[in-house]
Amino acid sequence: MCGRFTLRTPPDVLMEAFDVAALPEFPLRYNIAPTHDVLIVRANGPDREAVLVRWGLIPFWAKEVSIGSRMINARSESVSEKPAFRVPFQKRRCLVVADGYYEWRAEGARKQPFLIHGDDDRPFAMAGLWDRWTGSEPPTESCTIITTDSNAATRAVHDRMPVILDARDYPRWLDPDFRDTERLAAMLIPNESMAWRVDPVSSYVNNVRNQGPRCVEP
DNA sequence: CCAGACGTTGTT
DNA sequence: GTCTGG
DNA sequence: CCAGACGTTGTT
DNA sequence: GTCTGG
């Protein structure tokens with residue numbers, strides 16, 4: 001799955017990688033947790049825009065913000081049918097920008113966290129959905145991250161992983177007028193096209209109050 | 001019909 | 001044990 | 001994902 | 001808003 005991730009890549013590299021003309025102001029992040037603002041890329045008419053939205057999807061019909069805490073991930077196998085995700089899957093798809101994510105593996109009584117990242121530490125796009133909730137003023141925009149089975153590189157740590165999209169799929173994934181559910185579903189598969197590293201890190205990352213570079217250290 | 005949920009993961 | 005907050 | 005709360009009353 | 005359970 002994906003319950004914590006990093007974004008340490010400088011803005012100019014992100015703008016080049018995701019073909020956006022501008023980025024919102026945000027600091028380098030070593031420990032992004034649910035309810036935090038995350039950087040997403042989405043369609044904006046014929047263009048793309050990068051914006052910050054809250055992680056944990058709050059459906060437009062929700063009565064409470066708190067529902068977002070349970071909507072941090074969406075299973076690729078069922079995302080097109082679930083009431084909370086059906087409409088966003090049809091027309092509010094996005095890229096959730098990251099350059100690493102964390103998984104925990106039980107080792108006896110302990111849980112060992114791992115940082116999973118590309119061997120070149122390049123940023124990547126996790127498949128996401130977003131929504132807008134008008135129960136607050138101003139409205140709250142939020143997102144979820146789609147999960148799938150793990151790939152060969154990460155299977156030993158965990159049996160699920162976020163969907164990492166192939167860059168060639170970005171245009172259709174982001175196009176709200178693209179409604180070919182079968183072809184969309186075909187994008188939601190374990191990523192085997194990147195070279196992945198799986199590195200153990202300190203349990204310092206466990207506490208969301210810890211936000212510094214120590215999170216990615218052994 | 002109305003009421004109530006709407007989610008994933010891991011562990012037992 | 002289970003839910004909420006981060 | 002993990003950490004931390006989980007409750008009410010009355011007083012400051 | 002929409003689906004499921006009763």
Side-chain angles (χ1 to χ4, degrees), chain A residues 1-7 26-27 29-39 52-92 96 98-117 126-136 139-151 154-164 176 181 188 190 198-212 214-217:
Chain A
M1 71 166 313
C2 183
R4 224 64 88 71
F5 64 97
T6 62
L7 184 56
F26 68 94
R29 302 295 309 281
Y30 295 88
N31 195 3
I32 299 171
T35 72
H36 291 178
D37 278 352
V38 299
L39 184 70
L52 295 172
V53 304
R54 180 186 167 107
W55 181 16
L57 188 140
I58 305 164
F60 65 93
W61 42 257
K63 292 192 185 73
E64 307 283 340
V65 193
S66 59
I67 193 172
S69 296
R70 302 198 301 277
M71 308 278 181
I72 65 170
N73 291 138
R75 291 178 63 85
S76 57
E77 297 88 342
S78 57
V79 65
S80 65
E81 296 147 25
K82 295 286 185 181
F85 302 133
R86 204 171 62 86
V87 175
F89 182 74
Q90 287 178 63
K91 48 189 188 187
R92 288 192 287 274
V96 181
D99 49 32
Y101 68 96
Y102 296 103
E103 294 286 8
W104 281 258
R105 182 173 68 191
E107 298 182 347
R110 297 192 53 78
K111 278 193 145 186
Q112 171 66 50
F114 294 85
L115 175 67
I116 298 170
H117 57 129
M126 300 187 287
L129 309 174
W130 65 277
D131 211 335
R132 179 183 288 113
W133 184 63
T134 55
S136 62
T140 302
E141 291 188 332
S142 59
C143 71
T144 191
I145 296 168
I146 300 176
T147 61
T148 184
D149 288 330
S150 55
N151 60 13
T154 65
R155 198 161 296 144
V157 168
H158 202 76
D159 64 345
R160 301 287 291 175
M161 72 180 294
V163 170
I164 314 292
T181 302
L188 305 181
V198 180
D199 294 329
V201 294
S202 155
S203 58
Y204 182 76
V205 71
N206 288 14
N207 197 315
V208 299
R209 289 188 303 242
N210 296 142
Q211 288 292 323
R214 256 178 78 189
C215 290
V216 299
E217 299 297 325

Report the nucleotide, chosen from C:dG6, B:dT8, E:dT2, that has the shortest atom-to-atom distance to any side-chain atom of A:Arg4.
C:dG6
Residue pair A:Trp104 / A:Val205, side-chain heavy-atom distance below 4.5 Å
yes
Measuring only the P atom in each nucleotide, how far is B:dT8 from D:dC1? A whole number of Å is fine.
12 Å
Just to be sure I understand the rule, does A:Phe85 reach a base, reach only the sugar-phosphate, or reach nothing, if contact means heavy atoms closer than 4.0 Å?
sugar-phosphate
So what does A:Ile72 touch, heavy atoms closer than 4.0 Å: a base, only the sugar-phosphate, or nothing?
base
A:Arg75 side chain near B:dT9 phosphate (N/O to OP1/OP2, under 4.0 Å):
yes
Using side-chain heavy atoms (C-beta onward) and a distance below 4.5 Å, is A:Thr140 in contact with A:Val65?
no
Quickly work out the A:Gln112 CD to D:dC2 C1' distance and round it to whole Å.
14 Å
I need the CD-C1' distance between A:Gln211 and C:dG5, as an integer number of Å.
14 Å
Distance check: side-chain N/O of A:Arg160 vs OP1/OP2 of D:dC1, anything under 4.0 Å?
no
In Watson-Crick or G-U wobble terms, with both distances under 3.5 Å, the base opposite B:dC2 is E:dG5
Between A:Thr35 and D:dC1, is there a contact of a side-chain N or O with OP1 or OP2 at under 4.0 Å?
no
For the C1' atoms, the ones on C:dT2 and on B:dG7, what distance do you get once it is rounded to whole angstrom?
15 Å
Using a 4.0 Å heavy-atom cut-off, does A:Ala74 contact any base of the nucleic acid, only the sugar-phosphate backbone, or nothing at all?
sugar-phosphate
Interatomic distance where CG belongs to A:Asn73 and C1' belongs to D:dC1 [whole Å]:
9 Å
Are the ring of A:Trp61 and the six-membered base ring of B:dC6 within the stacking cut-offs of under 5.5 Å and under 30°?
yes
Close side-chain approach of A:Thr6 and A:Tyr102, heavy atoms under 4.5 Å:
yes
Kindly compute the distance separating SG (A:Cys215) from CG (A:Asn207), expressed to the nearest 0.5 Å.
9.5 Å
Taking only side-chain nitrogens and oxygens of A:Asn207, does any of them come within less than 4.0 Å of OP1 or OP2 of D:dA3?
no
Say you pick atom C1' in B:dA3 and the same atom in C:dG6; how far apart are they, in whole Å?
32 Å
State whether A:Thr144 places a side-chain N or O below 4.0 Å from either non-bridging phosphate oxygen (OP1 or OP2) of B:dG7.
no
Let me know the distance between CD1 of A:Ile58 and P of C:dG6, rounded to the nearest Å.
13 Å
Could you tell me whether A:Phe5 contacts a base, only the sugar-phosphate backbone, or nothing, with contacts defined as non-hydrogen atoms closer than 4.0 Å?
nothing
Just wondering, do A:Ile67 and A:Trp133 contact through their side chains at under 4.5 Å, heavy atoms?
no
B:dT11 versus D:dC2 - spacing of their P atoms, nearest Å
9 Å
Determine the interatomic distance between P on B:dA5 and the same-named atom on C:dT4; round to the nearest Å.
11 Å
Of all the choices, D:dC1, B:dT11, C:dG5, which nucleotide is nearest to the side chain of A:Ala106 once you look at every atom?
B:dT11
With a non-hydrogen cut-off below 4.0 angstrom, is A:Ser76 in contact with a base, only sugar-phosphate, or nothing?
nothing
Could you check which of B:dC6, D:dC2, D:dC1 has an atom nearest any side-chain atom of A:Pro34?
D:dC1
How long is the line joining CZ of A:Phe89 and P of B:dG7, in whole Å?
15 Å
Atom CZ of A:Arg70 to atom P of B:dT8: distance rounded to whole Å?
12 Å
Under 3.5 Å for both donor-acceptor distances, Watson-Crick or wobble: does D:dT8 have a partner, and if so which one?
none
Closest to side chain of A:Phe60, choosing from D:dG4, B:dT9, E:dG1:
E:dG1
Taken to the nearest 0.5 Å, the spacing of A:Met126 CE from A:Phe5 CZ works out to 4.0 Å
Among B:dG7, B:dT8, D:dC1, the one nearest any side-chain atom of A:Ser78 is B:dT8
Interatomic distance, A:Asn31 atom CG to A:Leu7 atom CG [nearest 0.5 angstrom]
12.5 Å
Calculate the interatomic distance between A:Lys63 atom NZ and E:dT2 atom P; express it in whole Å.
14 Å
Please give, in whole Å, the distance from E:dT4 P to A:Arg86 CZ?
11 Å
